[in-house]
Structure formats: structure tokens, C-alpha cells
A.B. asks: 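Encoded as C-alpha cells, here's the structure I'll be asking about.
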Amino acid sequence: GTRDPLQATFSFLGTEFTVINNHLTSRFGSTPIYGGPQLFTQAGEEARERQTQVLNTWVDKILREDKGANVIVAGDLNTFEFTNDLTEILPGPKGTARILRNLVDGLEDDNVYTFIFEGNSQVLDHMFVTKGLEDVKRFDIVHVNVDYPRTSGPVASDHDPILARFDFARIDDGDDESDDD
């Protein structure tokens, strides 16, 4: 009942990285966080928990085959940064080796949202990275869609895009030889 993840491996400046793009189960049927009724309803939560567990298991497999693999798990995960799907299941349970870090957690301004539902600004789009990528990034949400009124014409998306910039020249490729260039 959802879209299959899409995985691709790229090479840039001699560094390989794998991107797993996702669109997890819809929130259709959810109620607003700050509306009635309370506690609010998060439709599809059980399905998203299972999906994030499969993603965690898949990234674990990639890292077993190459412990230094650079992996990005991104997309419309259709859940909030504070849910157990994204704080415990996808990155790995607390108290264990956490395999992924959510770049959204590093944003500290008042513009941290990718979707507006019933007047509530919220983050549903996320980008998780493995250790080799977490220290060489610039990350932001580009507000080009959700802040503007809908018109009768087509729109690009009802979500705002997330954007990361990685400095591949600074990524450790696991080679122990020193290179001063």
C-alpha cells in the first residue's frame, strides 16, 4: 500500500555513496496534532514502524558488507522527527550502535517544517546519514511550496524539498595512507 524504496549507488571524486529514497505509508486519516480530538491520531503508524525497521535492517546489511559505507536514507517518511520510528527504530535502538543520524535534528531555526496540515507546520521529510557523511554536510529545508497559496494550476509538490551538500573531498574513504593533496 505504499511506494517501494528506490536505491542507487553513486561515485563522486572516488567516493561511493548509496541513496535510499522513500515515501512511507500515508498519514491519510490522521488528525491535527493541536486539534481535536486529543490524543491525536497518527494513521498508518504501525505500517511506518514496520517500514523503518526494514530500512534499519537493510542499512545494517549494507554496513556488514562494508563498515565504512556512506548511506543516505531520505524522503517523505510521513512521520515526525520525535516518533519512535525516527528516534529509535530507523537509527537503531538507544543503547546500541546507532547506524543513522537524522540531519533534521541539526536545524535550530524557526523554519523547520516541510509540510503544513490544518495550519500546523511539521516535518515529514527527513534525511538520515551514516557516520561517514554526518560531519561533512550543509543541510536545510528549502521553502518553495508550502508557504504559498494553492492556485488552480498545477503545483510542484505539497511538501518543501530538503537539501544537503556534502564535501566529498573531506570524506574518509577508509584508506589509511596519508594524502596531503
A.B. asks: Is any side-chain heavy atom of Pro161 closer than 4.5 Å to a side-chain heavy atom of Val144?
C.D. replies: yes
A.B. asks: Knowing that exactly one of Ile72, Val59, Thr9, Leu6 qualifies, which makes a side chain to side chain contact (heavy atoms under 4.5 Å, CB included) with Ile20?
C.D. replies: Val59
A.B. asks: Measure the spacing between CG of Leu86 and OG1 of Thr52 and express it to the nearest 0.5 Å.
C.D. replies: 7.0 Å
A.B. asks: Just to verify, what does Asn56 make a side-chain contact (heavy atoms from CB on, under 4.5 Å) with, not counting sequence neighbours?
C.D. replies: Gln53, Asp60, Ile99
A.B. asks: Taking a hydrophobic cluster as the set of Ile, Leu, Val, Met, Phe, Trp and Tyr residues connected by side-chain heavy atoms closer than 4.5 Å, whether directly or through intermediates, do Val146 and Val142 fall within one such cluster?
C.D. replies: no
A.B. asks: Just checking Asp110: does its CG atom have more than 12 heavy atoms from other residues, nucleotides or ligands closer to it than 6.0 angstrom?
C.D. replies: no
A.B. asks: Enter the distance from Ser121:OG to Asp147:CG here, rounded to the nearest 0.5 Å.
C.D. replies: 7.5 Å
A.B. asks: Who are the side-chain contact (heavy atoms from CB on, under 4.5 Å) partners of Asp66, not counting sequence neighbours?
C.D. replies: Ala69
A.B. asks: Salt-bridged, Glu134 to Lys131, with N to O below 4.0 Å?
C.D. replies: no
A.B. asks: Can you confirm if the aromatic rings of Phe17 and Phe166 lie within a centre distance of less than 6.0 Å?
C.D. replies: no
A.B. asks: For Leu77 and Leu90, what are the C-alpha separation, side-chain angles and deciding distance, and is it a side-chain contact (heavy atoms from CB on, under 4.5 Å)?
C.D. replies: CA-CA 11 Å; Leu77 302 187; Leu90 184 56; 4.2 Å; yes
A.B. asks: Taking all atoms of both residues into account, what is the closest heavy-atom pair of Met127 and Asn102, and its distance?
C.D. replies: O-OD1, 3.4 Å
A.B. asks: Please collect all ring-ring contact (aromatic ring centres under 6.0 Å, His included) contacts where either partner lies in residues 120-150, sequence neighbours excluded, each pair once.
C.D. replies: Tyr113-His143
A.B. asks: State plainly whether one hydrophobic cluster holds both Val19 and Val73, where clusters connect Ile, Leu, Val, Met, Phe, Trp and Tyr through side-chain heavy atoms under 4.5 angstrom apart.
C.D. replies: no
A.B. asks: With distance as the sole test, does Asn145 use its side chain to make a donor-acceptor pair with the main-chain N or O of Asp158 at under 3.5 Å?
C.D. replies: no
A.B. asks: Any chain of hydrophobic side-chain contacts (each under 4.5 Å) joining Leu24 to Leu100?
C.D. replies: yes
A.B. asks: Would you mind reporting whether Leu133 and Arg101 have side-chain heavy atoms less than 4.5 Å apart?
C.D. replies: no
A.B. asks: Treat each ILVMFWY residue as a node, draw an edge where side-chain heavy atoms are under 4.5 Å apart, and state whether Ile141 and Val129 are in one component.
C.D. replies: yes
A.B. asks: State, with a plain yes or no, whether a side-chain heavy atom of Leu124 is found less than 4.5 Å away from one of Asn78.
C.D. replies: yes
A.B. asks: Given side chains that start at C-beta, do those of Ile89 and Asn84 come closer than 4.5 Å, heavy atoms only?
C.D. replies: yes
A.B. asks: Taking the side chain as everything from C-beta on, heavy atoms only, tell me whether Ile62 gets closer than 4.5 Å to Thr130.
C.D. replies: no
A.B. asks: So, taking the atom named CZ in Arg50 and the one named CG in Asp85, what distance separates them when rounded to the nearest 0.5 Å?
C.D. replies: 11.0 Å
A.B. asks: State plainly whether one hydrophobic cluster holds both Phe168 and Leu103, where clusters connect Ile, Leu, Val, Met, Phe, Trp and Tyr through side-chain heavy atoms under 4.5 angstrom apart.
C.D. replies: yes
A.B. asks: Once rounded to the nearest 0.5 Å, what's the spacing between atom OG1 of Thr25 and atom CD of Glu49?
C.D. replies: 11.0 Å
A.B. asks: Answer yes or no: is there a side-chain heavy-atom contact under 4.5 Å between Leu63 and Lys61?
C.D. replies: no
A.B. asks: To the nearest 0.5 Å, what is the distance between CZ (Phe115) and NE2 (His159)?
C.D. replies: 4.5 Å
A.B. asks: Could you tell me whether Glu46 atom CD has more than 12 heavy atoms of other residues or ligands within 6.0 Å of it?
C.D. replies: no
A.B. asks: Can you tell me how far apart CG (Asn21) and CG (Asp76) are? Round to the nearest 0.5 Å.
C.D. replies: 9.5 Å
